[in-house]
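To start, the structure itself, in structure tokens.
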Amino acid sequence: MADTNVRPVPIGAERVTAADTIEVRSPFDGERLGAVPACDAGHVDRAVAAARAAMAEGLPAWRRVEVLDAAAAALREQQEDFAHTIAREAAKPITTARTEAARAVLTFQFAAAEARTLTGEMIAMDAAEPGDGKLGFTLRLPIGVVGAITPFNFPLNLVAHKLAPAIAAGCAVVLKPASQTPFSAIALAELLLGQCGLPEGWINVVTGGGGSVGNAIVDHPDVAMITFTGSPDVGWAIRGRAARKKVSLELGNNAPVILEPSGDWRAAAAKIKVAGYSHAGQSCISTQRVLVHRSIVDDVVAELVPLVEQLRVGDPMDEATDLSALISPDDTERVKSWIDDAVAEGAEVATGGEVDGRLLRPTVLTGTTNDMKVCNTEVFGPVVAVQAYDHLDEALALANDTRYGLQASIFTGELAAALSAARRLDFGGVLVNEVPTFRTDQMPYGGTRDSGNTKEGPHHAVREMTTERLVVISP
Ligand code: NAP
């Protein structure tokens with residue numbers, strides 16, 4: 001029987017459904033929110049063809065600027081609607097969802113600035129004798145059709161971080177959003193196409209499973225670049241599969257923060273209350289490992305635990321809720337079992353650890369060690385692991401003892417310690433007197449090692465999505 005309430009997806013000028021559908025349910029209470037088409041490789045072919053046709057028509061920079069400006073304005077106007085969509089499909093508390101929607105406005109504004117100023121460079125041709133008298137410069141050109149694959153945890157702003165720079169760069173996009181959170185992405189695509197003057201074909205959405213639609217995008221010969229945000233295993237498999245494409249990976253992390261005795265650790269504890277538990281810890285830079293100098297570890301735990309116990313767990317649509325359900329019951333079970341494993345290996349639960357239906361209480365573990373899963377693997381849940389150290393060298397080594405490398409931080413009152421951390425922490429970003437969870441949307445954001453191979457943020461993403469052509473003119 002045909003499914004009712006299926007949200008069609010834009011492919012070229014058409015609004016497309018499919019014989020099969022994917023049902024989307026609230027992670028909080030299982031309520032059916034709707035369904036999207038389960039697209040297949042044929043839909044991907046159509047989407048890529050539409051994207052190529054759009055690029056063949058071309059869209060000059062001044063029109064791309066107009067689209068991006070209009071998108072920022074329309075998003076600001078419709079921020080509350082987008083926040084509701086995010087909150088319902090991702091079980092992200094409505095207050096946090098509003099912050100995500102507000103950030104998406106900035107992402108478009110920064111992309112508009114890039115579209116206004118994107119240029120190549122002059123080459124000093126006469127610096128080499130054979131070049132004397134010649135004029136040399138580069139043109140920055142769109143790389144081609146971009147295939148974008150996005151995760152569930154920021155269903156609007158991480159889609160914005162693909163679409164906005166692609167528009168700025170002049171690239172048409174085939175987008176596959178996470179199957180749990182397709183509605184924010186489709187709404188954003190429709191806003192761009194329907195309200196902001198972006199011609200049909202520039203954004204095409206293909207909903208469907210990673211193994212089917214995702215692979216079809218990755219394998220498609222007419223897709224020039226894959227921009228992927230998600231888990232390391234999937235990301236590196238894509239990298240291996242698409243040897244001849246440009247592949248940008250924004251992947252996972254197990255972010256550490258180092259608390260030195262000279263630093264304002266009370267301020268740090270207040271920030272960790274948010275940074276470790278926002279969206280139930282399902283952020284790639286969620287504060288996960290808290291490395292504390294042994295002389296203050298008891299004080300830090302005594303400060304942090306009551307703060308964490310104030311957090312309200314519940315319905316994402318409730319204004320008072322701080323965190324809600326994890327994205328799936330399987331994930332709740334997985335995180336709970338990692339807490340239990342840590343306890344069996346010698347850690348203690350300072351607070352939390354209990355599961356109530358679909359909700360996991362925010363948890364602080366103490367006495368953790370780097371061989372425990374809650375330390376050496378990305379938890380992606382509301383769990384913070386506190387570890388004591390004796391010397392800064394040891395703290396830096398513990399922080400670096402991970403396969404990930406997205407962001408790390410230190411709280412210290414000593415310049416020498418701050419500079420040492422900045423030089424020695426092997427991460428894409430090092431923050432001083434701030435949690436590693438801090439991000440604004442213009443920052444160069446991206447990891448080393450298993451955390452990825454690129455930087456996002458419109459300025460950087462636009463450069464990833466363009467190529468340079470050298471032009472040399474002889475008189
Ligand atoms: P995921 O399971 O890797 O999924 C991400 C996307 O990849 C989804 O659209 C998924 O589709 C798709 N996918 C799955 N298998 C695929 C395949 N074989 N080929 C192509 N695409 C495939 O990640 P997630 O659970 O949504 O997100 C959590 C992860 O993202 C965490 O590791 C987190 O740290 C990371 N993340 C990183 C950043 C960053 O900027 N560094 C930001 C946010 C999140 P389906 O939904 O249909 O399975």
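Whatever order the structure lists them in is the order used to number ligands and atoms, beginning at 1.
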Requested in this report: Looking only at non-hydrogen atoms, find the nearest pair between N253 and F427 and report the distance.
Outcome: OD1-CE2, 4.2 Å
Requested in this report: Out of L249, I327, T150, indicate the one that has the non-hydrogen atom closest to atom 9 (O) of ligand 1.
Outcome: T150
Query raised in the report: At a 4.0 Å threshold, what atoms of ligand 1 neighbour a non-hydrogen atom of L406?
Result: 41 (N)
Requested in this report: Of the side chain and backbone of E378, name the one, both, or neither that has a heavy atom under 4.0 Å from an atom of ligand 1.
Outcome: side chain
Requested in this report: Classify the side-chain pair E89/S184 by whether it contains a donor and acceptor separated by less than 3.5 Å.
Outcome: yes
Query raised in the report: Does the side chain of E190 come under 3.5 Å of the side chain of Q195 through a donor N or O and an acceptor N or O?
Result: no
Query raised in the report: Heavy-atom contact under 4.0 Å between S283 and ligand 1?
Result: no
Report task. State the CG-CZ distance between D450 and R403, to the nearest 0.5 angstrom. Result -> 4.5 Å
Query raised in the report: When you measure from atom 2 (O) of ligand 1 to each heavy atom in P177, G447, S451, S231, which option holds the nearest one?
Result: S231
Report summary line: re atom 11 (O) of ligand 1, the protein heavy-atom contact at minimum distance is K176 NZ, 2.9 Å
Query raised in the report: Non-hydrogen atoms of V218 versus ligand 1: any pair closer than 4.0 Å?
Result: no
Requested in this report: Give a yes/no verdict on whether any heavy atom in G452 is under 4.0 Å from an atom of ligand 1.
Outcome: no
Query - D371-T369 side chain donor-acceptor pair, cut-off 3.5 Å - result: yes
Report summary line: residues 421-441 vs salt bridge (Lys or Arg N to Asp or Glu O under 4.0 Å), sequence neighbours excluded, gives R103-D441, K271-E434, D393-R424, D426-R449
Query raised in the report: Would you say Y445 and ligand 1 have an N/O pair spaced under 3.5 Å apart?
Result: no
Query - Nearest protein heavy atom with distance in Å, relative to atom 5 (C) of ligand 1 - result: T229 O, 3.8 Å
Requested in this report: List every atom of ligand 1 that sits less than 4.0 Å from any heavy atom of G252, numbering the atoms from 1 in the order shown and giving each element.
Outcome: 32 (O), 34 (O)
Report task. Output the list of atoms in ligand 1 that are nearer than 4.0 Å to some heavy atom of N153, sorted by atom number. Result -> 43 (C), 44 (C)
Query raised in the report: Below 4.0 angstrom, N of the basic side chain to O of the carboxylate: do E200 and R15 qualify?
Result: yes
Report summary line: When rounded to the nearest 0.5 Å, the distance separating NZ of K92 from CD1 of I327 is 9.5 Å
Report summary line: Numbered in order shown, the ligand 1 atoms found under 4.0 Å of a heavy atom of S179 are 45 (P), 46 (O), 47 (O)
Report summary line: Note: heavy atom closest to atom 19 (N) of ligand 1, options G210, P182, P151, belongs to G210
Requested in this report: Report yes or no: does a heavy atom of G208 sit under 4.0 Å from some atom of ligand 1?
Outcome: yes
Report task. Compare all side-chain heavy atoms of T227 with those of V146 and state whether any distance is below 4.5 angstrom. Result -> yes
Report summary line: Tightest non-hydrogen contact, residues A50 and N204, listed as CB-OD1, 3.6 Å
Query raised in the report: Does ligand 1 have a heavy atom under 4.0 Å from the side chain of I238, from its backbone, from both, or from neither?
Result: side chain
Query raised in the report: Can you find a pair of side-chain heavy atoms, one from R64 and one from R116, that are under 4.5 Å apart?
Result: no
Report summary line: One finds that the ligand 1 atoms under 4.0 Å from a non-hydrogen atom of C284 are 33 (C), 34 (O), 36 (N), 37 (C), 38 (C), 39 (C), 40 (O), 41 (N), 42 (C), 43 (C), 44 (C)
Report task. Starting from atom 35 (C) of ligand 1, find the nearest protein heavy-atom neighbour and note its residue, name and distance. Result -> G230 O, 3.1 Å
Requested in this report: Give the residue and atom name of whichever protein heavy atom lies nearest to atom 41 (N) of ligand 1, and the separation in Å to one decimal.
Outcome: L251 O, 2.8 Å
Report summary line: Near V234 (heavy-atom distance under 4.0 Å), the atoms of ligand 1 are 3 (O), 13 (N), 14 (C), 15 (N), 16 (C), 17 (C), 22 (C)
Identify all side-chain donor-acceptor contacts of residues 360-367 below 3.5 Å with residues at least two apart in sequence or on another chain.
residue: T363; atom: OG1; partner: G353; partner atom: N; Å: 2.8
residue: T363; atom: OG1; partner: R361; partner atom: O; Å: 2.8

**Report entry** Exercise: do N376 and N370 side chains pair donor with acceptor under 3.5 Å
**Finding:** no
Report task. Answer with yes or no whether F152 contacts ligand 1, where contact means a heavy atom under 4.0 Å from a ligand atom. Result -> yes
Report summary line: Among non-hydrogen protein atoms, atom 7 (O) of ligand 1 lies closest to F228 CE1, 3.2 Å
Requested in this report: Considering the heavy atoms of F380, write down every atom of ligand 1 situated less than 4.0 Å from one of them.
Outcome: 28 (C), 31 (C), 33 (C), 34 (O)
Query raised in the report: Does a side-chain N-to-carboxylate-O contact under 4.0 Å join R463 and E114?
Result: yes
Report summary line: Among non-hydrogen protein atoms, atom 18 (N) of ligand 1 lies closest to N215 OD1, 3.8 Å
Query - Nearest-0.5 Å distance, CD1 of residue I94 to CD of residue E100 - result: 11.0 Å
Report summary line: ligand 1 to L158, heavy atom cutoff 4.0 Å, flagged ligand atoms 42 (C), 43 (C)
